[in-house]
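For ligands, and for the atoms within them, numbers begin at 1 and follow the listed sequence. For this chain, numbers begin at 1 and follow the sequence in order.
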Amino acid sequence: MTKTMIRSVIRGTGSCLPARVVGNDELAGRVETSDEWIAQRTGIRRRHIAAEGETTSTLAIAAARAALADAGLEASDIDLIIVATATPDYTFPSVATQVQAGLEITHGVAFDVAAVCSGFVFALATADKFLTSGSHRRALVIGSETFSRILDWNDRTTCVLFGDGAGAVVVEAQEAGGTVSDRGVLTSHLRSDGRHRSKLYVDGGPSTTGKAGHLRMEGREVFRHAVGMITDVVEDAFAATGLTAEDVKWFVPHQANKRIIDASAEKLGIAAHKVVITVQDHGNTSAASIPLALDEARRDGRIRQGDLVLIEAMGGGFTWGSALIRW
Ligand code: ACO
């Protein structure tokens, strides 16, 4: 076969979840809520919460090591690190450069991307542009978050929704035939609309309050926009490739809320048995949710080589995006 182009192929996955698990009942002891309310409205039963000393970069480094081991590669094989996060350890340096140092990588480039819950899709799409341009060969793409550090633990409308964790993938540039049968990222589509800032934001930052701030959200408004934005950007991915919902083997959405996931799958015509759902165990881990779900579904044998995997996310900004990946 004539080799005509480069594709970004996922070679390995890894994840790291903090050891501490907080169930809904424990939260009901802190704010006026109940396991029943949380489970019914969101599907969430429990979430992992980082311990003191556990940070976005320590979780990211552990997830990266697991992904490298899974790929059968050494840290020195990596020449690009992109970390998607909204909860960096520090205003700077980036989490990505801390991962680079943690893995003792002294070549290549590392940087963060900020697209909140859509961050992993944005980071993977960015890595894909670097790899398919020929400038870099192997990337670590990581979503890592410690949302527990920016939650207002007295606000029951937000604190019950989120969790901490990190997921990573190793992506490698490989020559391919240029068809949708190729392994790798087949297409990606990113969108944003800054007019929606006030619906989901953090009320602080270095240039305003000088503090990290707390997450604020108009949940009903986010819900109202989510399904339409998600389905639009997935339809863009189908239109760009000629692939359809029928061709999708696994739908791995951002895990914000089971009701958003179910409504999106239904609107897209994707059967429930194809949907990977982890929100019950992880809560919303923002940029980490998709790589955490990919790692779980790959390790338990659901996602296999050759499967068509659809990922999508929507989050603060608003930002939203999708990608179709042949595993
Ligand atoms: N426990 C008990 N009651 C609660 C809680 C809670 N944790 N939180 C809110 N309530 C109350 C409200 O105060 C309200 O009471 P009222 O009627 O007396 O005023 C009532 O429950 C209903 O509140 P709503 O906001 O209308 O509840 P809704 O059914 O919309 O569910 C939720 C709220 C779960 C936040 C929903 O709107 C949602 O999922 N929105 C999407 C937001 C989201 O997923 N954001 C994640 C970040 S963005 C992303 O990742 C895509």
Side-chain angles (χ1 to χ4, degrees), residues 22-47 84-87 114-122 143-148 150-165 167 190-194 196-203 213-234 252-265 267 277-280 282-293 311-322:
V22 174
N24 290 345
D25 285 336
E26 187 177 336
L27 293 182
R30 275 192 210 202
V31 289
E32 205 180 317
T33 189
S34 64
D35 175 49
E36 195 196 354
W37 192 96
I38 301 169
Q40 204 176 61
R41 304 279 176 136
T42 71
I44 299 167
R45 293 277 180 189
R46 58 193 73 82
R47 72 284 293 141
T85 190
T87 47
V116 205
C117 296
S118 310
F120 181 77
V121 183
F122 277 55
S144 186
E145 303 278 17
T146 45
F147 261 53
S148 63
I150 56 161
L151 294 174
D152 175 351
W153 285 100
N154 296 313
D155 176 9
R156 69 175 182 175
T157 69
T158 54
C159 76
V160 302
L161 302 175
F162 296 90
D164 300 336
L190 306 180
R191 301 281 306 277
S192 61
D193 185 344
H196 297 286
R197 187 197 89 90
S198 63
K199 300 183 182 81
L200 181 53
Y201 66 104
V202 170
D203 63 4
H214 289 127
L215 182 147
R216 305 293 175 202
M217 180 174 71
E218 294 173 26
R220 238 180 281 186
E221 280 296 301
V222 175
F223 201 112
R224 203 166 66 76
H225 285 85
V227 177
M229 287 176 162
I230 289 164
T231 50
D232 271 2
V233 80
V234 170
V252 186
H254 166 52
Q255 311 279 320
N257 180 314
K258 178 129 188 329
R259 284 155 63 211
I260 295 177
I261 295 173
D262 290 347
S264 306
K267 197 165 166 199
I277 299 183
T278 55
V279 72
Q280 69 284 356
H282 298 168
N284 179 350
T285 58
S286 186
S289 89
I290 293 173
L292 277 165
I311 64 171
E312 57 76 5
M314 179 265 186
F318 291 149
T319 55
W320 62 109
S322 68

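- Side chains of Thr87 and Glu145: a donor-acceptor N/O pair is present below 3.5 angstrom, by distance only.
- Between the side chain of Trp320 and the main chain of Thr231, no donor-acceptor pair closer than 3.5 Å is present.
- Every heavy atom of Ile38 sits 4.0 Å or more from the atoms of ligand 1.
- Contacts with ligand 1 closer than 4.0 Å are made by side-chain heavy atoms of Val160 only, the backbone lying farther away.
- Ranking protein heavy atoms by distance to atom 34 (C) of ligand 1, first place goes to Thr42 CG2, 3.7 Å.
- No hydrogens or angles considered: a donor-acceptor pair under 3.5 Å links the side chains of Arg47 and Asn24.
- Thr278 places no side-chain N or O within donor-acceptor distance of the main-chain N or O of Ala293, the cut-off being under 3.5 Å.
- Ligand-side atoms of ligand 1 in range of Cys117: 49 (C), 50 (O), range being under 4.0 angstrom from any heavy atom.
- The pair Arg45-Asp35 counts as a salt bridge, with a side-chain nitrogen and a carboxylate oxygen less than 4.0 angstrom apart.
- Given atom 39 (O) of ligand 1, the protein heavy atom at minimum distance is Asn257 ND2, 2.4 Å.
- Asn154 CG to Cys159 SG: the interatomic distance, rounded to the nearest 0.5 Å, is 8.0 Å.
- Atom 1 (N) of ligand 1 lies below 4.0 Å from at least one non-hydrogen atom of the protein.
- Of all protein heavy atoms, the one closest to atom 10 (N) of ligand 1 is Trp37 CZ2, 3.4 Å.
- Against a heavy-atom cut-off of under 4.0 Å, Arg220 is close to the following atoms of ligand 1: 24 (P), 25 (O), 26 (O), 30 (O), 37 (O).
- Scanning the protein heavy atoms around atom 44 (O) of ligand 1, the nearest turns out to be Ala256 CB, 3.7 Å.
- Among protein heavy atoms, atom 27 (O) of ligand 1 sits closest to Arg41 NH1, 3.1 Å.
- Judged by distance alone, the side chain of Asp203 and the main-chain N or O of His214 form a donor-acceptor pair under 3.5 Å.
- At the shortest separation from atom 45 (N) of ligand 1 among protein heavy atoms lies Met217 SD, 3.1 Å.
- Contact check for Met229 versus Arg191: no side-chain heavy atoms found under the 4.5 Å cut-off.
- A donor-acceptor pair is defined here as one N or O able to donate and one able to accept, closer than 3.5 Å; no such pair exists between the side chain of Thr33 and the backbone of Arg156.
- Within the 4.0 angstrom cut-off, atom 19 (O) of ligand 1 has no protein heavy-atom neighbours.
- Scanning the protein for heavy atoms near atom 46 (C) of ligand 1, the closest one is Asn284 ND2, 3.3 Å.
- Residue-ligand proximity, Leu200 to ligand 1, at heavy-atom distances under 4.0 Å covers atoms 47 (C), 48 (S).
- Of the heavy atoms in Glu32, only backbone atoms (N, CA, C, O) come closer than 4.0 Å to ligand 1.
- Contact of the Val116 side chain with the Ser286 side chain is registered, since non-hydrogen atoms from C-beta on lie closer than 4.5 Å.
- Distance screen at 4.0 Å: atom 42 (C) of ligand 1 has a protein heavy-atom neighbour inside the cut-off.
- No option in Ile44, Thr285, Asn284 other than Asn284 meets the side-chain contact (heavy atoms from CB on, under 4.5 Å) test with Phe162.
- Summarising the local packing, NZ of Lys258 is surrounded by 12 or fewer heavy atoms from other residues, nucleotides or ligands at distances under 6.0 Å.
- With rounding to the nearest 0.5 Å, the separation of CZ in Arg46 from CD1 in Ile38 is 12.0 Å.
- Contacts between Thr157 and ligand 1 below 4.0 angstrom, taking non-hydrogen atoms only, involve backbone and side chain alike.
- Residue Phe162 touches ligand 1 through its side chain alone, judged by heavy-atom distances below 4.0 Å.
- Contacts with ligand 1 closer than 4.0 Å are made by no heavy atom of Val116, backbone or side chain.
- For ligand 1 and Arg259, the ligand atoms under 4.0 Å from any heavy atom of the residue are 29 (O), 31 (O).
- By the definition of a contact as any protein heavy atom under 4.0 Å away, atom 32 (C) of ligand 1 is not in contact.
- Distance check for atom 29 (O) of ligand 1: a protein heavy atom is found below 4.0 Å.
- Within the 4.5 Å cutoff, side-chain heavy atoms of Leu161 are placed close to those of Thr42.
- In terms of protein heavy-atom proximity, atom 51 (C) of ligand 1 is nearest to Met314 O, 2.9 Å.
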